[in-house]
Amino acid sequence: MATPKNGASQQARTPYHTRLGIDEDKRQTLVGLLNETLAATSDLYSQTKQAHWNVKGKDFYQLHLLYDELAEKLEEPLDLVAERVVLLGGYAFGTVRMAAQSSPISPFPGTEAEGDDDTFNDPSFLTTLADRWAEYADHIRDANKASDDVGDPGTTDLYDQITHIADRGTWFIEAHLQRYHGGLKEQGQDPDLEAVGQ
């Protein structure tokens with residue numbers, strides 16, 4: 001089960017009574033999980049916008065638009081996750097400062113005192129965002145399993161929806177890295193279809 005990064009006791013509170021037929025302990029677990037997802041989604045949104053504003057290089061225009069589109073795709077999950085927290089009787093911890101304290105996503109380059117200077121050698125931010133979106137996709141999968149273990153189909157369904165957004169965002173960014181950095185076999189050539197039985 002995914003464990004909230006920081007402030008777990010604060011984020012697991014369910015201060016409001018609800019007539020939903022979900023036990024209090026299960027609601028607390030779900031609220032803590034959802035608040036961590038709220039922080040992760042908010043953090044990823046702001047990191048993607050940071051890259052959108054600061055991207056440089058020969059693919060500037062394409063990446064500028066891509067990063068903006070990917071950030072937009074996170075707006076609906078942000079709202080749905082926060083509303084699910086409150087629906088379960090919890091309090092949504094949704095400010096930027098709250099997100100920074102609780103996000104499981106690695107910080108954006110330049111926000112930590114040391115250890116991230118190399119990332120500024122990539123003004124496209126492709127590697128940075130590919131890593132952050134993959135971390136987010138992993139978090140969503142873990143949270144999906146945890147909510148399923150609790151037995152709440154509503155929260156599990158929400159995580160199912162977000163999984164598609166996280167996977168697609170990761171794919172869109174990774175495709176640029178594969179094309180430009182030879183991530184595909186045979187120096188970027190299509191795989192031999194006869195060898196895979198096609």
Side-chain angles (χ1 to χ4, degrees), residues 1-5 11 20 22 26-27 29-52 55 59 62-88 90 92-94 96 98-99 102-108 124-181 183-184 190-191 196:
M1 176 183 277
T3 304
K5 179 180 168 187
Q11 292 189 356
L20 295 176
I22 303 172
K26 289 182 178 183
R27 287 191 301 119
T29 299
L30 293 166
V31 164
L33 189 64
L34 287 160
N35 264 320
E36 184 180 27
T37 299
L38 182 61
T41 307
S42 179
D43 189 13
L44 185 61
Y45 172 84
S46 68
Q47 289 196 39
T48 305
K49 289 298 279 191
Q50 181 73 9
H52 161 77
V55 65
D59 292 323
Q62 175 187 351
L63 294 176
H64 181 73
L65 294 177
L66 173 64
Y67 296 162
D68 201 35
E69 180 183 319
L70 290 173
E72 279 182 20
K73 297 291 184 191
L74 294 170
E75 290 174 0
E76 184 178 17
L78 261 173
D79 198 46
L80 293 173
V81 168
E83 288 176 355
R84 186 83 189 156
V85 167
V86 177
L87 177 149
L88 291 168
F93 292 93
V96 173
M98 291 171 177
S102 303
S103 176
I105 308 297
S106 298
F108 195 81
S124 71
F125 298 108
L126 284 167
T127 301
T128 298
L129 286 186
D131 291 346
R132 300 318 182 271
W133 276 79
E135 289 175 13
Y136 182 68
D138 290 344
H139 164 75
I140 296 300
R141 276 187 179 64
D142 290 346
N144 191 346
K145 183 179 181 330
S147 67
D148 191 45
D149 290 346
V150 169
D152 180 31
T155 303
T156 301
D157 180 60
L158 176 58
Y159 281 119
D160 286 340
Q161 294 173 43
I162 301 171
T163 298
H164 297 291
I165 294 167
D167 288 350
R168 192 166 193 258
T170 304
W171 170 49
F172 274 34
I173 298 166
E174 279 184 335
H176 285 73
L177 289 170
Q178 292 165 341
R179 185 177 107 207
Y180 290 124
H181 301 294
L184 294 175
D190 289 331
V196 293

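One-based numbering along the sequence shown. The figures that follow rest on heavy atoms only: side chains count, while hydrogens, waters and symmetry mates do not.
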To the nearest 0.5 Å, what is the distance between [atom1] ([X]) and [atom2] ([Y])?
| X | Y | atom1 | atom2 | answer |
| --- | --- | --- | --- | --- |
| Leu126 | Leu177 | CG | CG | 5.0 Å |
| Glu174 | Trp133 | CD | CH2 | 12.0 Å |
| Thr127 | Arg132 | OG1 | CZ | 10.0 Å |
| Glu135 | Leu44 | CD | CG | 9.0 Å |
| Arg168 | His164 | CZ | NE2 | 11.5 Å |
| Arg27 | Leu30 | CZ | CG | 9.5 Å |

Atom of [X], atom of [Y] and distance for their closest heavy-atom approach:
| X | Y | answer |
| --- | --- | --- |
| Ile173 | Leu129 | CD1-CB, 3.8 Å |
| Leu78 | Ser42 | CD2-N, 3.7 Å |
| Glu36 | Ser102 | CG-O, 3.8 Å |
| Ser103 | Asp43 | OG-OD2, 2.7 Å |
| Pro153 | Gly151 | CD-O, 3.3 Å |
| Ala130 | Thr170 | O-CG2, 4.5 Å |

Below 4.5 Å, heavy atoms only, C-beta onward: do [X] and [Y] meet side chain to side chain?
| X | Y | result |
| --- | --- | --- |
| Tyr136 | Thr41 | yes |
| Ile140 | Asp167 | no |
| Leu34 | Tyr159 | yes |
| Leu33 | Val150 | no |
| Leu158 | Thr37 | no |
| Lys26 | Asp152 | no |

Worksheet item: Is a side-chain donor or acceptor of Gln47 paired with a backbone partner of Ser106 at a separation under 3.5 angstrom?
Response: yes

Practice prompt. Check each of Asp149, Asp160, Thr156, Asp157 against Asn144 using the side-chain hydrogen bond (donor to acceptor under 3.5 Å, both in side chains) test, and report the only one that passes.
Written response: Asp160

Counting only pairs under 3.5 Å, give me each side-chain donor-acceptor contact of residues 63-76, with atom names and distances, residues two or more places apart or in other chains.
residue, atom, partner, partner atom, Å
His64, ND1, His52, O, 2.8
His64, ND1, His52, ND1, 3.4
Tyr67, OH, Ser124, O, 2.5
Asp68, OD1, Lys49, NZ, 2.6

